[in-house]
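Everything below concerns the one structure shown next.
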Amino acid sequence: MKFLTWRYSWRAFTGDVFGGFIAALIAIPYGLAMAAMMGLPPVLGLVTSIVSAPITAALGRNPVLIGGTASATVPFIAHAVQLQGLGGAAKVCIVASIFMMAFCVLQLGRYIQQVPQPVVTGFSCGIGAMMVLSQLATMTGVKAVVDRTSNNLIYQSWQVLSQISTARPGAIVISLLVIAVAFAVARFVPRAPAPLFGVLFAVLVAFATGIHEREVGHLPFEIPPFAGFAWTPHDVWTVLPSALGLAFVSSVNILITSRVVEHFRGRHRHLKRTDADAELGAYGIANVVAGMFAAPMSVGIPARSLASVRCGGSTRLSNIIHAVFIVAFLGIGGEFISHIPMAALAGVTAYIGICLLEWSTWRRLRRMRRVDSAAFLVTSIAVLLVNAVAAVALGCGLYLVRFIYRRYINPLTPEQQALREAVMAK
């Protein structure tokens with residue numbers, strides 16, 4: 001293993017232990033909330049981290065990139081669960097993993113990371129808004145009939161808000177406490193796992209005041225069974241397109257997150273071309289294994305990776321230790337986790353969603369190039385109104401239209417081209 005070299009020291013080991021510990025603390029509420037949001041048993045959100053960590057640590061190119069269940073994969077997996085249950089989730093994740101390995105073999109990773117940044121930030125913003133809106137029913141306790149077959153989150157939110165008179169005060173209090181405490185902890189103790197503190201505080205308040213809301217339920221401390229499913233000819237039209245979109249979005253997420261983590265470590269260089277391809281291959285293999293249990297896709301998680309680095313994580317061992325701590329927490333604290341209110345997990349999801357709303361991009365939107373601001377807005381809105389695949393396609397499509405216009409319809413003169421290159425150089 002690459003981390004067992006003569007340079008490895010007790011100081012590095014201590015940093016990896018602390019980094020893995022913090023990453024595991026962050027992973028528990030977030031992983032449970034993401035899986036629940038997809039319609040899966042919450043514990044599968046943790047199975048993803050446990051199963052994939054050793055594989056990505058051994059085969060991945062970024063030693064401190066920690067993966068897990070992410071919001072970017074929610075639309076694809078949730079749709080598969082709605083159509084075919086756990087078997088649908090297993091199928092779409094396994095096929096998407098195969099696509100990722102194909103991207104590696106075909107050396108497409110080096111090109112995938114060239115997706116324009118405004119499209120990526122717009123997608124992140126749209127996913128953040130989706131996370132908040134999709135949790136309105138759980139956060140308010142409203143038992144509204146929501147049309148889950150529709151991809152229009154605005155319409156679904158209106159269905160919930162139209163029944164707001166039936167809201168449960170206890171659910172509202174719990175979810176808002178999680179959000180408020182998480183923001184307070186993140187503000188004053190940046191290195192602390194803010195969502196976990198929010199959940200702990202909300203659970204204590206609910207216990208002290210006698211608030212009773214729907215809970216997570218028993219989490220089996222055992223290896224989950226393999227997901228059973230059967231292939232049908234109709235899957236060509238239902239599974240393959242979603243799996244391709246899931247693979248593309250996951251690949252973009254992994255490569256961009258890896259760049260962010262390396263920049264945070266002070267290494268201001270892009271991944272090598274071969275590293276980008278190999279990273280996708282490693283996550284593809286890991287996700288095939290996770291998909292066998294119907295666990296969600298594993299992609300790069302900035303919060304866990306950066307928290308681990310902040311706490312001293314510097315090698316691949318920090319990723320493995322984070323998985324070991326998750327198993328330990330389930331074995332020792334499984335009884336406590338089973339009594340976490342679902343409203344608290346909804347609050348975690350909403351908190352992460354608010355953090356993903358790209359506030360800095362909104363502040364400089366007027367100063368951006370018109371094509372960049374348009375791509376950001378179109379992508380973020382399309383995530384809410386249509387679906388994630390169409391959102392990314394529409395955002396990238398704007399740049400394609402701009403290229404065709406500049407190249408064939410209204411090409412720049414040599415003087416204009418020279419002026420443009422001079423401005424870009426500055």
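What's counted below: heavy atoms across the whole structure, side chains too, no hydrogens, waters or symmetry copies.
In this view, T69 satisfies the side-chain hydrogen bond (donor to acceptor under 3.5 Å, both in side chains) rule with no residue, not counting sequence neighbours.
Note that NE2 of H322 and OG of S318 are 9.5 Å apart. Values are rounded to the nearest 0.5 Å. Annotation: the span from T349 atom OG1 to L32 atom CG amounts to 10.0 Å, rounded to 0.5 Å. In this structure, CG on L40 lies 8.0 Å from SG on C93, to the nearest 0.5 angstrom. Of the inter-residue distances, the one linking D372 atom CG with R367 atom CZ reads 13.0 Å to the nearest 0.5 angstrom. With rounding to the nearest 0.5 angstrom, the OG1 atom of T379 is 11.5 Å from the CG atom of L384. Between the CD atom in Q82 and the CE atom in M38 there is a gap of 12.5 Å [rounded to 0.5 Å].
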Yes or no on side chain to side chain donor-acceptor pair (under 3.5 Å) for Q159 and Y155, after CA distance, side-chain angles and deciding distance?
-> CA-CA 6 Å; Q159 290 178 312; Y155 173 62; 3.2 Å; yes
So S52 and V289, side-chain contact (heavy atoms from CB on, under 4.5 Å) or not? Walk me through it.
-> CA-CA 7 Å; S52 64; V289 179; over 6 Å; no
Kindly indicate, with the supporting measurements, whether the criterion side-chain contact (heavy atoms from CB on, under 4.5 Å) is fulfilled by Y30 and L25.
-> CA-CA 9 Å; Y30 187 70; L25 289 178; over 6 Å; no
When you look at Q156 and V160, which way does the side-chain contact (heavy atoms from CB on, under 4.5 Å) test go after all the steps?
-> CA-CA 7 Å; Q156 293 183 11; V160 174; 5.9 Å; no
Do V299 and T257 pass the side-chain contact (heavy atoms from CB on, under 4.5 Å) test, and can you show the C-alpha distance, the side-chain angles, and the key distance before you say yes or no?
-> CA-CA 9 Å; V299 299; T257 301; over 6 Å; no
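The environment of F99 atom CZ is dense: over 12 non-hydrogen atoms of other residues, nucleotides or ligands sit within 6.0 angstrom. Atom CZ of F325 has more than 12 heavy atoms from other residues, nucleotides or ligands within 6.0 Å. More than 12 heavy atoms of other residues, nucleotides or ligands shown are found within 6.0 angstrom of CH2 on W231.
Proximity of S305 to V64: side-chain heavy atoms (C-beta onward) are nowhere separated by under 4.5 Å. The shortest side-chain heavy-atom distance between V132 and I354 falls under the 4.5 Å cut-off. A heavy-atom distance below 4.5 Å is not found between the side chains of T140 and L161. Looking at M37 and M130, their side chains come closer than 4.5 Å, going by heavy atoms from C-beta outward. By the 4.5 Å heavy-atom criterion applied to side chains, P341 and V203 are counted as neighbours. Contact of the I254 side chain with the M100 side chain is registered, since non-hydrogen atoms from C-beta on lie closer than 4.5 Å. At least one side-chain heavy atom of F183 sits less than 4.5 Å from a side-chain heavy atom of C355. Side-chain contact between L133 and I154 is present, with heavy atoms from C-beta onward closer than 4.5 Å.
The aromatic rings of F293 and F226 sit parallel, their planes meeting at an angle under 30°, below the 60° perpendicular limit.
The salt bridge (Lys or Arg N to Asp or Glu O under 4.0 Å) analysis of residues 42-53, with sequence neighbours excluded, yields no pairs.
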Could you pull out all donor-acceptor pairs under 3.5 Å where a side-chain atom in residues 42-51 meets a protein atom, sequence neighbours excluded?
unit_1	atom_1	unit_2	atom_2	d
T48	OG1	L44	O	3.3
T48	OG1	P296	O	2.8
S49	OG	R304	NH1	2.9

